[in-house]
Protein chains: 2
Amino acid sequence: MPSFGKAGSKTAPTMSDVARLAGVSAMTVSRALRHDGAVSQKTRDKVLAVVDELGYVPDQAAGALSSGRSGLVGMIAPALVNPIFGMVARGLNDTLTPLGLQLFIGFSDYGAEREEHMLESMLRRRPEAIAIASDSRSERAARMLLNAGVPVVEFLHRPATPIRHVVAVDHVAVGRAVARHFAETGRKRLAAIVGRERQTSNTTDRAEGLREGARQAGLAPVRLISAGGPLALAEQGVRAAAEILDNLADIDAVLCPHDITAIAVIGELRRRGARVPDDVAVFGFGDHEVARHTLPALTTIGFNAGLMGVEIGKLMINAFEAARLGRDAAPFNLTLDFEVIVRDSA
Amino acid sequence: MPSFGKAGSKTAPTMSDVARLAGVSAMTVSRALRHDGAVSQKTRDKVLAVVDELGYVPDQAAGALSSGRSGLVGMIAPALVNPIFGMVARGLNDTLTPLGLQLFIGFSDYGAEREEHMLESMLRRRPEAIAIASDSRSERAARMLLNAGVPVVEFLHRPATPIRHVVAVDHVAVGRAVARHFAETGRKRLAAIVGRERQTSNTTDRAEGLREGARQAGLAPVRLISAGGPLALAEQGVRAAAEILDNLADIDAVLCPHDITAIAVIGELRRRGARVPDDVAVFGFGDHEVARHTLPALTTIGFNAGLMGVEIGKLMINAFEAARLGRDAAPFNLTLDFEVIVRDSA
DNA sequence: CTGAAAGCGCTAACAG
DNA sequence: CTGTTAGCGCTTTCAG
């Protein structure tokens with residue numbers, strides 16, 4: 001009777017346990033399991049039978065250490081509860097899985113400090129590529145990204161000085177498109193809800209576009225409503241609606257950071273007696289799956305978040321290929337289309 | 001000038017590089033970095049200075065291999081886009097972070113096969129604990145969980161035969177509570193939207209409770225509407241509403257698997273001329289942040305998903321502690337409270 | 001408080 | 001097609 005490990009011990013079987021029972025070397029087990037190199041069908045079958053019998057699961061930490069490939073791709077996003085990031089993650093994951101790569105996700109909770117921490121713990125795992133959507137970023141985090149030595153893809157929002165690759169939506173253009181819609185539908189005094197004060201983010205970019213558009217259309221200057229802090233999406237809407245009613249009573253159109261926020265704005269506005277869109281037109285962002293079902297149905301901006309994930313993945317694959325050939329992939333800058341979806345709220 | 005690695009090479013600095021530059025042994029660097037054992041303040045400072053200068057980031061694969069601790073906790077959930085899981089992840093993550101553990105998340109997309117795959121790739125990383133919410137589960141997956149050798153916490157739904165620990169909501173009780181509400185508000189013919197045919201899941205459990213409650217209240221037998229497949233939440237609602245209008249015209253109350261589904265049901269019902277709640281009362285699940293803001297505001301079931309994550313984490317910590325003492329943590333079975341939140345849709 | 005030796009479980013690079 | 005040898009970069013264990 002073959003023995004491996006101490007009898008009755010709970011330690012997981014190792015590759016040499018499998019090798020011994022299969023009557024081959026550990027190297028052959030390794031090859032059989034990875035479909036690497038050539039292993040005769042007969043040998044492979046025997047190995048796989050033992051693997052199955054033992055319930056052997058290879059230890060990837062050991063494999064990673066030895067091969068220098070962690071099999072991990074990191075993604076850092078501001079929040080998991082924002083479904084846009086969930087969809088991006090899904091698209092990215094689907095693109096990476098066929099390559100044997102796993103997606104490792106971290107949330108920064110919209111904080112530069114937390115993001116920096118997340119990034120550092122992610123780097124400890126030696127990811128083979130990094131996708132990151134930053135809301136704000138510390139200098140140290142930027143430096144880490146620059147020196148990561150692996151492909152970095154910033155997404156959703158194009159930073160002023162990108163690390164290298166970017167897959168984004170042109171948020172300024174979104175803001176302009178929204179301004180155009182508001183102008184065409186007779187709105188005069190626009191407002192935009194933005195995150196708290198920051199260098200620049202997608203909400204401030206859209207606000208900037210809205211401002212430009214408003215100016216061009218000869219409308220009053222756009223008012224900014226700060227949602228303040230990393231609040232839940234709906235909570236931001238409640239605050240913003242209160243702000244409009246209490247301090248910005250002349251506003252007749254508002255652009256929200258997210259559809260969920262827009263729904264809350266509408267709800268709160270209505271609760272306090274204002275009519276939507278009659279008194280205030282409300283514009284969402286993201287075309288969340290419920291946007292078409294609410295009353296009023298949301299006028300919003302749609303873009304393909306899943307595709308965004310897929311494109312991020314393709315960029316990474318491309319960069320891997322370039323690295324394999326000893327080159328650096330040229331910085332790639334992809335702007336995804338968006339769509340103005342006019343429904344009933346604006 | 002000290003040298004480490006090949007000049008100009010892009011390989012990340014290792015612990016011995018740090019050690020050499022700091023004039024100490026690698027072991028001392030290791031200790032200084034982990035605040036483990038005793039290192040004089042002076043030595044520690046010197047080490048940290050070098051670490052900073054080099055931008056050294058320890059390789060956790062090596063650490064994991066050597067220490068036998070991966071620093072990872074795995075979580076497997078059906079879908080990332082369902083915000084309930086995002087909130088659980090957040091609570092769990094917050095509980096684990098202070099212990100230096102990272103959460104590694106995988107999505108099964110509501111498929112047993114995918115779940116099995118996810119679980120296997122997760123096991124390769126040797127997680128120190130596993131949280132899993134299964135919609136359906138293969139036998140092999142169940143075996144893997146049983147033999148994982150680390151604490152396993154099943155959550156959200158209590159399976160018929162739990163692996164060990166469970167943190168769940170009593171979905172049958174939820175169903176009964178909903179039936180009670182429907183009965184008290186004069187509804188006679190109830191329906192429940194459930195996932196596709198499966199052994200048992202939280203939607204089928206709630207349907208079961210609804211059925212019991214209806215029977216007790218002397219109402220007609222509950223009709224089941226199969227949402228079919230791993231559809232998006234809203235899409236399920238659209239299908240279900242169509243089913244009601246086309247084939248179940250006498251239904252006057254419906255329980256939905258999720259608030260997002262409920263919103264879609266209401267939207268579609270209304271689009272096709274039915275009134276909510278007058279013709280059909282619609283009950284959601286989850287108390288999503290928008291539930292209180294929609295028109296009509298959603299009547300739904302609320303429970304604290306973040307707390308669920310926290311409790312899962314506490315259970316794990318408890319199990320770690322037990323293991324440290326050479327014992328096995330007794331199976332723990334936690335049922336979280338829920339709340340019937342009556343608003344306008346039912 | 002610090003260091004030296006040994007090895008975690010795998011895979012790269014050669015041999016045969 | 002298969003095996004051997006040598007590490008990967010840390011941490012454990014045991015000395016000092």
Side-chain angles (χ1 to χ4, degrees), chain A residues 4-6 9-47 50-51 54 56-72 100 121 123-126 128 149 324, chain B residues 4-6 9-47 51 54 56-72 100 121 123-126 128 149:
Chain A
F4 54 91
K6 300 158 224 89
S9 89
K10 294 287 261 179
T11 30
T14 70
M15 200 169 254
S16 14
D17 294 327
V18 176
R20 199 171 320 121
L21 290 186
V24 297
S25 73
M27 199 52 232
T28 298
V29 175
S30 175
R31 284 197 269 252
L33 252 23
R34 283 175 304 136
H35 314 276
D36 164 51
V39 177
S40 77
Q41 191 57 46
K42 218 181 116 198
T43 309
R44 185 195 310 286
D45 288 347
K46 189 164 44 173
V47 168
V50 175
V51 163
L54 251 43
Y56 168 70
V57 178
D59 184 329
Q60 196 149 187
L65 183 58
S66 178
S67 69
R69 305 189 357 88
S70 67
L72 248 25
S121 30
L123 256 19
R124 285 187 217 280
R125 307 273 176 197
R126 300 288 188 268
E128 299 182 33
R324 216 177 50 77
Chain B
F4 54 91
K6 300 156 224 95
S9 91
K10 295 285 262 180
T11 31
T14 71
M15 200 169 252
S16 12
D17 294 327
V18 175
R20 199 170 321 120
L21 290 186
V24 297
S25 73
M27 201 50 237
T28 298
V29 175
S30 175
R31 285 197 268 251
L33 252 22
R34 283 175 306 135
H35 315 276
D36 163 53
V39 177
S40 78
Q41 191 57 47
K42 218 182 115 198
T43 309
R44 185 195 309 289
D45 289 346
K46 189 165 42 173
V47 167
V51 163
L54 252 42
Y56 169 69
V57 178
D59 184 330
Q60 198 149 185
L65 182 59
S66 179
S67 68
R69 304 189 357 88
S70 66
L72 248 24
S121 30
L123 256 18
R124 287 188 216 280
R125 306 274 176 195
R126 300 288 187 267
E128 300 182 32

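Here is the naming used below: chain letters follow the sequence lines, and residue numbers restart at 1 for every chain.
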- prompt: Base, sugar-phosphate alone, or nothing: which one does Thr43(A) contact when heavy atoms must sit under 4.0 Å apart?
  reply: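 Sugar-phosphate contact only.
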
For [X] and [N], is the shortest distance between a side-chain N/O and OP1 or OP2 below 4.0 Å?
| X | N | value |
| --- | --- | --- |
| Tyr56(A) | dC10(C) | yes |
| Thr28(B) | dG3(C) | yes |
| Ser40(B) | dT2(C) | yes |
| Ser25(A) | dG3(D) | yes |
| Arg34(B) | dT12(D) | yes |
| Ser30(A) | dT11(C) | yes |

Choosing from [options], which nucleotide comes nearest the side chain of [X]?
| X | options | answer |
| --- | --- | --- |
| Thr14(A) | dG3(C), dT11(D), dC10(C) | dC10(C) |
| Leu65(B) | dC10(C), dG9(C), dA12(C) | dG9(C) |
| Ala62(A) | dG9(C), dT11(C), dT11(D) | dG9(C) |

hbond_proxy Ser16(A) side chain to dG9(C) base (donor-acceptor, 3.5 Å cutoff): no

Whole angstroms only, please: what is the [atom1]-[atom2] distance between [X] and [N]?
| X | N | atom1 | atom2 | answer |
| --- | --- | --- | --- | --- |
| Arg31(A) | dT4(D) | CZ | C1' | 10 Å |
| Arg69(A) | dT11(C) | CZ | P | 11 Å |
| Arg125(B) | dC8(C) | CZ | C1' | 17 Å |
| Met15(B) | dG3(C) | CE | C1' | 14 Å |

Salt bridge flag under 4.0 Å for residues Arg20(A) and Asp17(A):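 The answer is yes: the pair qualifies as a salt bridge.
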
field: Ala26(B) or Val57(A), whichever maps to the more 5' nucleotide of DNA chain C
entry: Ala26(B)

